[in-house]
Structure formats: structure tokens, C-alpha cells
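Read the structure below first, then the notes.
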Amino acid sequence: MKNDNFLRALLRQPTEYTPIWIMRQAGRYLPEYNATRKKAGSFLALAKNPAFACEVTLQPLERFALDAAILFSDILTIPDAMGLGLYFAEGEGPKFERTVRTEEDVLRLPVADMDELKYVFDAVSVIRKSLDGRVPLIGFSGSPFTLACYMVEGGGSDDFRLVKSMLYSRPDLLHAILEKNAQSVTAYLNAQIAAGAQAVMVFDTWGGALSDAAYREFSLAYAKKVFAGVTRTAEGRTVPRIFFTKGGGLWLESMAEAGVDALGLDWTIDIGEARRRVGHQVALQGNMDPNALFAPPEAIEREAKRILESFGTGPGHVFNLGHGVSQFTPPDHVHALVEAVHRHSLGASKA
């Protein structure tokens, strides 16, 4: 590896500076991404073509001195491979042709066929080869619970009424879905690692919408199952595992015991407080408000410096946003952030 600061930080080893990557770093805020997407014809055509997926994965690395690449894909590839028929409605986000709401639906639901996801693993291999050791490659999946939300609701939701109704009235059905999802996610991440992913991340985007008891039973428990089954070493190195629950600040201590190396944080919790709570158990990734990137560069630098100072010295911090970068973000502001993080952290991470 020419730059392994990201992997070292996740394992709480000393680094030259605080490494940074950005959730959704390959996306619509970059004009070159939009040009490639137009060439591909649609989002799904872009994601399912390994050459295009590689092209857009590498685009942000050409602009910014990022310390990791993340596979360009979508968290809903697994339910699509289960036969639910993923499509994207203009202006409405992802939708499924078929939902999983009844006992019959659950009985018919298969564990995802990894052969149906070969295009993802092919993309990982192509990207890894193209990176040529420049920076590590992150593979990822949605969490079993977050995937279940889309599968039951049929798309995004403001209130999660259908999946929560199932949770309270037929918990057995939701557990059955989650068990199949956990098996699918584990196999999916392991196949990404086999194809060349050097770290993996589970995005639990909707876990924070649950009550405390429901989060522990229906989200955290199945994330633990996944991490227990994920490949621990590949190519003679540890494969770090990152767990991110948006709105998960209530459960940091429990999340840190989920068999992971790092926790992703959103912007609602102070990273210094999070570090005090989890101690030396895990590294922390985060956690700048994505909307801070609409401020002038000098304000972006101040906020980056504040977060770095809140974390303090020593290893174990990967700088990131608290969620995905907005499509309206000026690329120059992302550049200002990356430069500020590297400049202000240089030497401090070793202390």
C-alpha cells in the first residue's frame, strides 16, 4: 500500500495524519460523475457496469487527496438479488416492484444469490486493480434492518409505518426477514473481501428510527450476526469492519461490542464525548454535518479543526461527514475540507 493511513487508523495504529474519506464521495456533486451517469443511461446501468462503476469510484480521488476509495454501488443490490425488482422513479428515489409484507411473501423470500451480484464483485476487482495500491478500497452493505425497511415499505418512508407495524404485530415475520438478510449481507461482504475489498462498512441508515428495545432486538442483534461471520483477514492483513447507525448515539457502548473495529458517527454527537464513552475499544469515523460544506472555505476549516480538537490526539480517528455529501455541494468546498483535515492533523495523530 502506498497510503495505508486509513486502514491503520481503523485499527487504532499511529498514522501520519488523520485520514479522510467522504460518504457518497462519488456522486452527483461532481460534474464528471453526472457525465458518466448520462453516458451509462441510468443509475442502475451505471452501478451494474463494472467499468463505469470503476470510473466513478476513482473520480473523486483524481480531484481530492482522499485516503480511501469506496466501491460505487447501492445498498439495495441485495433485495434486488432476492427478486424484488429494484427500480428508480424519477424524483422519488428507489422503489421495489414487489414487497415483503405477508407470511407468504416471507416464505417465498430467498437468501440473496451471490451469482446475481457478480457485477458488484467484478467491479471490486476492477477498482482494486485500477487503484494499484494508491489507497485502500472499502466494500459495504446496508444493514439487515435497513434493508428490511425498504423491502417492507417498498421504498423510502417518512414514518416506517408498515415495517414498524410488522415489528409490533408480527415480530416473527420481521425476524424471519432479518435472518435471511443477515445471511445475505454476510455472504455479500465476504464476496467483496474475496474480490479485493480491504475494509467493509455496514450502513444502518434507519436503525435510529427505532425505540431502544427495538433497536437492540431488530437492528443491533442482526448486525452482530453479520460481523461475527465476516472474514477477519485477507491478503495477510486484518480487514477492518465499520458500523454506522444514523442517529445511533444512544447505543455507542453497545455498538462498540458488536464485533467491529470502528464506529461511524453522525453529526448529532460530539466526537470527544463519543471517544470518552467507548474508550479504546474501537476507532471512530466522523462526524461533520454535511451542510457545513455549504459555508465558505474558512468556515469549513474552522469546523474541521473543531472536530479534530474535540477528538484529541492519538490514533483511531477517520475524518468523515456524518452522512452523505449533498449533491449541491461545491466541489471546491470538499477540496477545502480535505486539505484542512490533513493540514491541521499532520503530526497530531502520532502523539
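One N or O on the side chain of N287 and one on the backbone of D266 form a donor-acceptor pair closer than 3.5 Å. Looking at S184, its side chain never comes within 3.5 Å of a backbone N or O of V111 through a donor-acceptor pair. Using a distance-only test at 3.5 Å, with no hydrogens or angles considered, no donor-acceptor pair links the side chain of T231 to the main chain of T233. No donor-acceptor distance shorter than 3.5 angstrom exists from the side chain of T146 to the backbone of S143, with no hydrogens or angles considered. In terms of modelled atom types and a separation under 3.5 Å, the side chain of T329 and the main chain of V325 share no donor-acceptor contact. Listed for the N190 side chain is no donor-acceptor partner under 3.5 Å among the backbone atoms of Q192. A donor-acceptor contact shorter than 3.5 Å is absent between the side chain of E301 and the backbone of A340.
Interatomic distance, OG1 of T102 versus CE of M166, reported as 8.0 Å (0.5 Å rounding). Expressed to the nearest 0.5 Å, how far CD1 of I242 lies from CG of L263 amounts to 10.0 Å. Atoms CD and CD1, from E116 and I78 in turn, are 13.0 Å apart once rounded to the nearest 0.5 Å. Note that the CD1 atom of I22 and the CZ atom of F319 stand 9.0 Å from one another [nearest 0.5 Å]. Interatomic distance, OH of Y188 versus CE of M114, reported as 8.5 Å (0.5 Å rounding). Distance check: H333 NE2 to L293 CG gives 8.5 Å after rounding to the nearest 0.5 Å.
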Report task. Show your reasoning for whether side chain to side chain donor-acceptor pair (under 3.5 Å) applies to H280 and R12. Result -> CA-CA 8 Å; H280 301 303; R12 302 190 65 259; 2.9 Å; yes
Report task. Show your reasoning for whether salt bridge (charged side-chain N to carboxylate O under 4.0 Å, His left out) applies to E257 and K224. Result -> CA-CA 9 Å; E257 296 172 353; K224 285 182 176 181; 5.6 Å; no
Requested in this report: Walk me through it: do R241 and R232 pass the test side chain to side chain contact (heavy atoms under 4.5 Å, CB included)?
Outcome: CA-CA 9 Å; R241 297 169 287 187; R232 189 61 179 142; 3.3 Å; yes
**Report entry** Trace of the side chain to side chain contact (heavy atoms under 4.5 Å, CB included) decision for M1 with R237
**Finding:** CA-CA 11 Å; M1 289 283 346; R237 297 186 68 142; 3.5 Å; yes
Requested in this report: Test Y17 against H344 for ring pair (Phe, Tyr, Trp, His ring centres under 6.0 Å), laying out the working first.
Outcome: CA-CA 8 Å; Y17 52 79; H344 287 289; over 10 Å; no
Query - Trace of the side chain to side chain contact (heavy atoms under 4.5 Å, CB included) decision for V230 with V226 - result: CA-CA 6 Å; V230 169; V226 168; 3.9 Å; yes
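Side-chain contact between L86 and L44 is present, with heavy atoms from C-beta onward closer than 4.5 Å. Side-chain contact between L11 and D261 is present, with at least one heavy-atom pair separated by less than 4.5 Å. Side-chain contact between V318 and I20 is absent, with no heavy atoms from C-beta onward closer than 4.5 Å. Taking 4.5 Å as the limit, some side-chain heavy atom of L337 sits within range of a side-chain heavy atom of L321. Side-chain contact between H335 and R63 is absent, with no heavy-atom pair separated by less than 4.5 Å.
Y215 and T245 are linked by a side-chain donor-acceptor pair at a separation below 3.5 angstrom, with hydrogens and angles left out of the test. Between the side chains of D212 and W251, at least one donor-acceptor pair of N or O atoms lies under 3.5 Å.
Salt bridge annotation for R8-D67: absent, with no cationic side-chain nitrogen under 4.0 angstrom from a carboxylate oxygen. A salt bridge links R170 with E103; the closest basic N to acidic carboxylate O contact falls under 4.0 Å. The residues R37 and E55 are annotated as not salt-bridged, no charged nitrogen and carboxylate oxygen being separated by less than 4.0 angstrom. Between D105 and R108 there is a salt bridge, since a side-chain N of the basic residue sits under 4.0 Å from a carboxylate O of the acidic one. Between D132 and K2, at least one side-chain nitrogen of the basic residue sits less than 4.0 Å from a carboxylate oxygen of the acidic one, meeting the salt-bridge criterion. Ion pair E273/R276 flagged as a salt bridge, since at least one NZ, NE, NH1 or NH2 atom sits closer than 4.0 Å to an Asp/Glu carboxylate oxygen. Salt-bridge check for K118 with D113: failed, with every basic side-chain N at 4.0 Å or more from each acidic carboxylate O. The pair D270-R275 does not meet the salt-bridge criterion, since no charged nitrogen lies less than 4.0 angstrom from a carboxylate oxygen.
Under the ring-ring contact (aromatic ring centres under 6.0 Å, His included) rule, F203 has a single partner from F243, F145, F140, which is F140.
Counting all heavy atoms, side chain and backbone alike, M82 lies closest to N181 at CE-OD1, 3.3 Å.
The six-membered or imidazole ring of F72 lies near that of Y33, with a centre-to-centre distance under 6.0 Å.
In this structure, M23 is a member of the same hydrophobic cluster as L71, with clusters built from ILVMFWY side-chain heavy atoms closer than 4.5 Å. Under a hydrophobic clustering in which Ile, Leu, Val, Met, Phe, Trp and Tyr are joined whenever their side-chain heavy atoms come within less than 4.5 Å, directly or via other members, M201 and W267 fall into different clusters. Placement of Y168 and I177 within a single hydrophobic cluster is found when ILVMFWY residues are connected by side-chain heavy-atom separations under 4.5 Å, directly or transitively. Both F121 and L131 are assigned to one and the same hydrophobic cluster, defined by single-linkage of ILVMFWY side chains at heavy-atom distances under 4.5 Å. V278 and V202 end up in the same hydrophobic cluster when Ile, Leu, Val, Met, Phe, Trp and Tyr side chains are linked at under 4.5 Å.
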Enumerate donor-acceptor pairs with a distance under 3.5 Å from any side-chain N or O in residues 149-156 to protein atoms, sequence neighbours excluded.
residue, atom, partner, partner atom, Å
Y150, OH, W206, NE1, 3.2
E153, OE2, R161, N, 3.3
E153, OE2, L162, N, 2.9
E153, OE2, V163, N, 3.0

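Ring geometry for F6 versus W21: interplanar angle over 60°, hence perpendicular rather than tilted (30 to 60°).
No more than 12 heavy-atom neighbours from other residues, nucleotides or ligands sit within 6.0 angstrom of NZ on K305.
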